[in-house]
Student: 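Quick one: the structure is below, questions incoming.
Ligands are counted one by one from 1 in listed order, and the atoms in each one are counted from 1 as well. Hydrogens, waters and symmetry mates play no part in the numbers below; they use all other heavy atoms, side chains included.
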Amino acid sequence: MEDKKRIATLTLDDGRTLELPILSGTLGTDVIDIRGLNKLGLFTYDPAFFSTSSCMSRITYIDGDAGLLYYRGYPIEQLAKHSDFLEVSYLLLNGELPNVEQYAAFAKRMTRHTMVHEQLARFYQGFRRDAHPMAVMVGVVGALSAFYHDSLDIEDPAHRELSAMRMLAKVPTIAAMAHKYHIGQPFMYPKNKFSYAENFMYMMFGTPTEDYVPNPVLTRALDRIFILHADHEQNASTSTVRLAGSSGANPFACIASGIAALWGPAHGGANEAALKMLEEVGDISRVKEYVQGVKDKKYRLMGFGHRVYKNMDPRAAVMRETCYEVLKELKLENHKLFELAMELERVALSDPYFIDHKLYPNVDFYSGIVLRALGIPVNMFTVIFAVARTVGWISQWNEMIADADHKIGRPRQLYRGATRRDYLPLDQR
Ligand code: CMC
């Protein structure tokens, strides 16, 4: 896209000036191209990236004020309603929705890669049974780098594509194995007759002793969770994947770094933290008191607030609907924990503190409830997020590597440490 010549002029207190181009996207905020700044020997200061666009991307668009989320231009509500996770994955990776043949070929290819190398299964024995499954995910996904040497040439698009398929197909298997190991049940090999979400449920909940019959309402809910979490532009974990990838690191290692970044409670750990919070509140009679503690800044309401959305998170709106469907299907509407969650949502949405701070429930508030209702253990919540986000991470990584001008990411800093001083030998200090 040709940028109209618009400029911002920067004037320093010593009188020097610099003209900086203003760039426009196809949607969203204009950005000032500050790359010329270092000619003046200056850097910008923007810790936590409140005002920084770290890259140019064509994948996902968010308008936080309007509460919009598009994957490759398609509104998330439409995709959640009409599409499935495999199709969304194809879209994110390739930029366009597949036609019938492309979809069938993609699905077939995906199922061919769902098994993991038998030797990889032995890695699990090295972990304690009570290890957090995210710890296992970071380790085992990173270890994939040691198995697939035939797809590690990142400059070769065919290698990148093969790595992408391998990762997308194997991550659910690795995740379900982490759960099975934790509870001491045998690993379940993937089954090609199932859809992506069904297969995951089967590997999580199936046993060799019983036939597994997927429930369509529940697998659809899980598929929605996968769709809603598939990508979210330059969030902390995606930026981590891009930064790791910018050094030329292999894709399996990069995705492992994304999983590590996702683990934190301010990011992917929020659905787990939200559920723990509900358990801590314990009873509907304590909701008002708990909300008062949030207002007194003793703690945060987990599953509420977002760096970008200052309106209802569009994913939360879809997830809320799914949440009601699942609770109805499982006849859990009157379950204590879910009643408590609904009351918390009601109180928070009508309280001036939350309204003034533009704090709305985010997707993780509802996805935590849905995952709990599906029988997914709380320590697997962030793992499910990682399974879903893998396609976003790979798409963003691929977009970066495919750009012939990509360079290693290297931020600078504002240094406020000690000025030069001389070393004193130990006995003189
Ligand atoms: N509960 C209570 N107050 C909050 C919350 C919350 N969840 N989130 C923000 N605030 C207040 C905060 O205290 C501050 O108030 P004041 O201006 O009076 O000091 C103001 O809102 C701005 O907070 P901030 O920390 O500067 O905002 P941020 O953009 O850095 O934080 C956030 C975004 C997601 C880290 C934060 O809202 C939070 O900690 N939420 C809870 C964790 C959570 O649910 N995270 C999941 C995010 S969605 C999943 C994803 O996309 O990764």
Student: Do the side-chain N and O atoms of D84 and Y103 include a donor-acceptor pair separated by under 3.5 angstrom?
Tutor: yes
Student: If you take the centroid of each ring, where Trp contributes its six-membered ring, are F187 and Y124 closer together than 6.0 Å?
Tutor: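 Close enough - the centres of the two rings lie under 6.0 Å apart.
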Student: For ligand 1, output the ligand-protein N/O contacts shorter than 3.5 angstrom; if there are none, return none.
Tutor:
unit_1, atom_1, unit_2, atom_2, d
ligand 1, 1 (N), L301, N, 3.0
ligand 1, 3 (N), Y353, OH, 3.3
ligand 1, 7 (N), L301, O, 2.7
ligand 1, 7 (N), F304, O, 2.9
ligand 1, 13 (O), K297, NZ, 3.2
ligand 1, 15 (O), K297, NZ, 3.1
ligand 1, 15 (O), H357, NE2, 3.4
ligand 1, 18 (O), K297, NZ, 2.9
ligand 1, 18 (O), H357, NE2, 2.8
ligand 1, 25 (O), R300, NH1, 3.1
ligand 1, 25 (O), R300, NH2, 2.8
ligand 1, 29 (O), R307, NE, 2.8
ligand 1, 30 (O), R307, NE, 3.4
ligand 1, 30 (O), R307, NH2, 2.9
ligand 1, 39 (O), R300, NH1, 2.9
ligand 1, 40 (N), F304, O, 3.0
ligand 1, 44 (O), G303, N, 2.9
ligand 1, 44 (O), N362, ND2, 2.9
ligand 1, 45 (N), A266, O, 3.4
ligand 1, 51 (O), H306, NE2, 3.2
ligand 1, 52 (O), H267, ND1, 2.6

Student: Could you verify whether a donor N or O on one side chain and an acceptor N or O on the other, from N379 and H179, lie under 3.5 Å apart?
Tutor: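 No donor-acceptor contact under 3.5 Å links the two side chains.
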Student: Answer yes or no: are there more than 12 heavy-atom neighbours, outside Y299 itself, under 6.0 Å from its atom OH?
Tutor: yes
Student: Using a 3.5 Å distance criterion without hydrogens, assess whether the side chain of S163 forms a donor-acceptor pair with backbone atoms of R160.
Tutor: no
Student: Check whether F50 forms a cation-pi arrangement with R307 (NZ or CZ under 6.0 Å from the six-membered ring centre, at most 45° off the ring normal).
Tutor: yes
